[in-house]
Number of protein chains: 2
Amino acid sequence: MTCTSEYVPQLRARGFRMTSQRLAILHVLRHAGTHLSPSEIYRQAKRDYPGLTEPTVYRTLELLSDIALVRPSYNSSGHLTYEIAGNDHHHIICKQCGSEIEVEHTLLESLYRLLETTSGYRSIGSHVTFFGVCPQCQTS
Amino acid sequence: MTCTSEYVPQLRARGFRMTSQRLAILHVLRHAGTHLSPSEIYRQAKRDYPGLTEPTVYRTLELLSDIALVRPSYNSSGHLTYEIAGNDHHHIICKQCGSEIEVEHTLLESLYRLLETTSGYRSIGSHVTFFGVCPQCQTS
DNA sequence: ATAGTTATTGCAAGAACTTGCAATAAGGAT
DNA sequence: ATCCTTATTGCAAGTTCTTGCAATAACTAT
Ligand SMILES: [Mn+2]
Ligand SMILES: [Mn+2]
Ligand SMILES: [Zn+2]
Ligand SMILES: [Zn+2]
């Protein structure tokens with residue numbers, strides 16, 4: 001499945017257009033498979049499309065988040081990072097050393113049901129980041 | 001309980017000093033009782049202590065977060081905001097209209113126990129923000 | 001009270017992020 | 001193929017946030 005064939009319909013369905021800039025950014029995120037900062041995305045996508053500018057990167061990442069093609073999250077220093085949307089998961093980051101682990105979404109499902117019934121809010125979102133202290137840092 | 005008498009010992013206990021700047025910032029947050037952005041905190045605290053500068057505000061908020069006197073969180077547009085530490089709670093923000101509600105921490109307690117046992121991480125932190133769609137926005 | 005130690009601050013410069021607006025180009029229609 | 005509409009971009013300027021370093025002031029010890 002190529003980036004073009006996969007993402008063009010998803011953009012069109014919402015009334016958005018595919019552009020070289022968006023394709024370059026999606027390509028970077030898809031190939032990376034991890035969380036990337038806007039500036040790192042900018043740096044890499046510029047290789048594909050040298051005319052790319054920073055404002056476009058920021059605006060594109062926000063759009064792609066809105067239509068759920070990418071997921072925003074915060075790293076240990078509180079800055080926004082993005083990753084390509086895929087299997088649902090969450091993160092726990094160590095407050096002290098910054099080490100990060102993934103958490104299956106299934107662990108949160110009963111909480112989400114509870115939140116939805118008690119709050120009335122729906123489709124309460126994925127990709128949450130929790131902060132704690134990792135096993136290593138607990139000993140020292 | 002005055003700000004000075006309450007917070008001086010908490011800073012000292014960790015080897016930090018109380019300053020007019022920190023006192024002014026703590027005072028603003030305590031009086032506000034809601035989430036405030038760094039620039040709003042700066043604006044208000046400057047009234048108490050006109051010499052205050054922005055770098056000090058940012059550094060202070062980070063310090064106070066580290067020692068848990070204030071809690072950081074993200075608003076609907078993804079920007080950092082801070083509130084004075086108090087009763088444990090979390091938030092759900094509507095992705096569409098930005099409306100925000102609080103969630104008792106007790107609702108999350110069993111999840112936290114589950115996360116701690118499965119991950120090995122400890123004291124997994126409070127003040128999480130979930131994103132969903134509020135009752136009003138569901139109808140339209 | 002005074003002096004000494006060093007955490008904290010202000011300054012200045014830089015990096016990251018945002019915004020308005022005119023120019024461009026994607027997609028639809030002819 | 002060509003034109004038309006308007007979503008999208010680049011540019012330039014502005015705002016927010018960060019960082020190194022020298023000056024300041026909080027606390028300790030005398
Ligand atoms: Mn992730
Ligand atoms: Mn809160
Ligand atoms: Zn750790
Ligand atoms: Zn809403």
Side-chain angles (χ1 to χ4, degrees), chain A residues 3-5 7-26 28 35-46 48-67 69-70 72-82 98, chain B residues 3-5 7-26 28 35-46 48-67 69-70 72-82 98:
Chain A
C3 282
T4 310
S5 63
Y7 296 123
V8 169
Q10 302 207 50
L11 285 167
R12 293 275 172 78
R14 302 250 196 168
F16 299 114
R17 299 171 181 178
M18 179 54 90
T19 65
S20 319
Q21 293 88 340
R22 286 175 183 171
L23 200 54
I25 289 166
L26 281 164
V28 164
H35 299 181
L36 294 176
S37 68
S39 62
E40 178 63 16
I41 294 165
Y42 171 62
R43 207 181 58 75
Q44 291 190 32
K46 221 172 149 61
D48 259 350
Y49 188 84
L52 188 66
T53 62
E54 278 184 301
T56 296
V57 173
Y58 286 101
R59 284 188 280 225
T60 298
L61 291 170
E62 204 174 328
L63 173 80
L64 296 177
S65 299
D66 285 346
I67 64 179
L69 295 186
V70 309
S73 63
Y74 298 93
N75 62 21
S76 58
S77 58
H79 288 157
L80 260 178
T81 61
Y82 295 85
Chain B
C3 281
T4 309
S5 62
Y7 296 123
V8 169
Q10 303 208 50
L11 284 167
R12 293 273 172 80
R14 302 249 195 168
F16 299 113
R17 300 171 180 176
M18 178 55 87
T19 65
S20 319
Q21 292 90 337
R22 288 175 181 170
L23 199 54
I25 289 167
L26 281 164
V28 165
H35 300 182
L36 294 177
S37 68
S39 62
E40 179 62 17
I41 294 165
Y42 171 61
R43 208 181 57 75
Q44 290 190 33
K46 221 172 149 64
D48 260 349
Y49 188 84
L52 188 65
T53 62
E54 278 184 302
T56 297
V57 172
Y58 286 100
R59 286 190 278 226
T60 299
L61 291 171
E62 205 174 326
L63 173 80
L64 296 178
S65 299
D66 284 347
I67 62 178
L69 295 187
V70 308
S73 63
Y74 298 94
N75 62 21
S76 58
S77 58
H79 288 157
L80 261 177
T81 60
Y82 295 86

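These numbers were taken from a predicted model, which means no experiment stands behind them. By convention in this document, chain letters (A, B, ...) are assigned in the order of the sequence lines, proteins followed by strands, and residues within each chain are numbered from 1.
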Next on the checklist: Of the listed nucleotides (dT8(D), dC17(D), dC11(C)), which one gets closest to any side-chain atom of Tyr58(B)?
Outcome noted: dC17(D)
Can you name the atoms? Protein N/O to nucleotides 22-25 of chain D N/O, anything below 3.5 Å, with the distance.
none

Next on the checklist: Given dG27(C), dG10(C), dC17(D), identify the nucleotide with an atom nearest to the side chain of Met18(A).
Outcome noted: dG27(C)
Checklist entry - Quick one: Leu36(B) CG to dT16(D) P, roughly how many Å, whole number? => result 15 Å
Next on the checklist: Rounded to whole Å, how long is the line connecting atom NE2 of His79(A) with atom C1' of dC17(D)?
Outcome noted: 7 Å
Next on the checklist: Do Gln10(B) and Leu69(B) have side chains that approach each other closer than 4.5 Å (heavy atoms only, starting at C-beta)?
Outcome noted: yes
Checklist entry - Looking only at N and O atoms, is any donor in the side chain of Arg12(A) or the base of dG28(C) less than 3.5 Å from an acceptor on the other one? => result no
Checklist entry - Considering heavy-atom distances to DNA chain D, does Arg59(B) or Val8(B) have its closest nucleotide positioned more toward the 5' end? => result Arg59(B)
Next on the checklist: Please report the distance, rounded to the nearest Å, between OH in Tyr7(A) and P in dG27(C).
Outcome noted: 17 Å
Checklist entry - Between His79(B) and Ser37(B), is any pair of side-chain heavy atoms under 4.5 Å apart? => result no
Next on the checklist: For the CG atom of Leu36(B) and the OG1 atom of Thr81(B), what is their distance to the nearest 0.5 Å?
Outcome noted: 8.0 Å
Item to check | Nearest-Å distance for atom pair CD/P, residues Glu40(B) and dT15(D) | outcome: 17 Å
Item to check | Side chain of Thr60(A) - closest among dT9(C), dT9(D), dT18(D) | outcome: dT9(D)
Next on the checklist: If you compare all heavy atoms of Leu80(B) against all heavy atoms of Pro72(B), which two are closest, and at what distance to 0.1 Å?
Outcome noted: CD2-CB, 3.9 Å
Item to check | Length of the CG-P vector between Leu26(B) and dT8(C), whole Å | outcome: 13 Å
Checklist outcome for this item: Quick note, Thr56(B) side chain, CB onward, closest among dA26(C), dT19(C), dT9(C) is dT9(C)
Checklist entry - How is Glu54(B) classified with respect to the nucleic acid when contacts are heavy atoms under 4.0 Å: base, sugar-phosphate, or nothing? => result nothing
Checklist entry - Whole Å only: how far is the CD atom of Gln21(A) from the C1' atom of dA26(C)? => result 11 Å
Item to check | Greater than 12 external heavy atoms within 6.0 Å of Glu62(A)'s CD | outcome: no
Checklist outcome for this item: Taking dC11(C), dT19(C), dT8(D) as options, the one with an atom nearest any side-chain atom of Arg22(A) is dT8(D)
Checklist entry - Rounded to the nearest Å, what distance is computed from the CG atom of residue Asp66(B) to the P atom of nucleotide dA7(C)? => result 16 Å
Next on the checklist: Without decimals, in angstroms, what is the distance between Leu11(A) CG and dT8(D) C1'?
Outcome noted: 12 Å
Checklist entry - When you measure from the side chain of Thr19(B), which nucleotide among dG10(D), dT9(D), dT9(C) comes out closest? => result dT9(C)
Checklist entry - Taking only residues two or more places apart in sequence, or in another chain, which ones meet Glu40(B) in a salt bridge (Lys or Arg N to Asp or Glu O under 4.0 Å)? => result Arg43(B)
Next on the checklist: Within the structure provided, determine whether Leu23(B) and Tyr7(B) are in side-chain contact (heavy-atom separation under 4.5 Å).
Outcome noted: no
Item to check | Interatomic distance, Leu63(B) atom CG to Phe16(B) atom CZ [nearest 0.5 angstrom] | outcome: 5.0 Å
Checklist entry - Toward the 5' end of DNA chain D, which comes first, Leu80(B) or Phe16(B), by nearest nucleotide? => result Leu80(B)
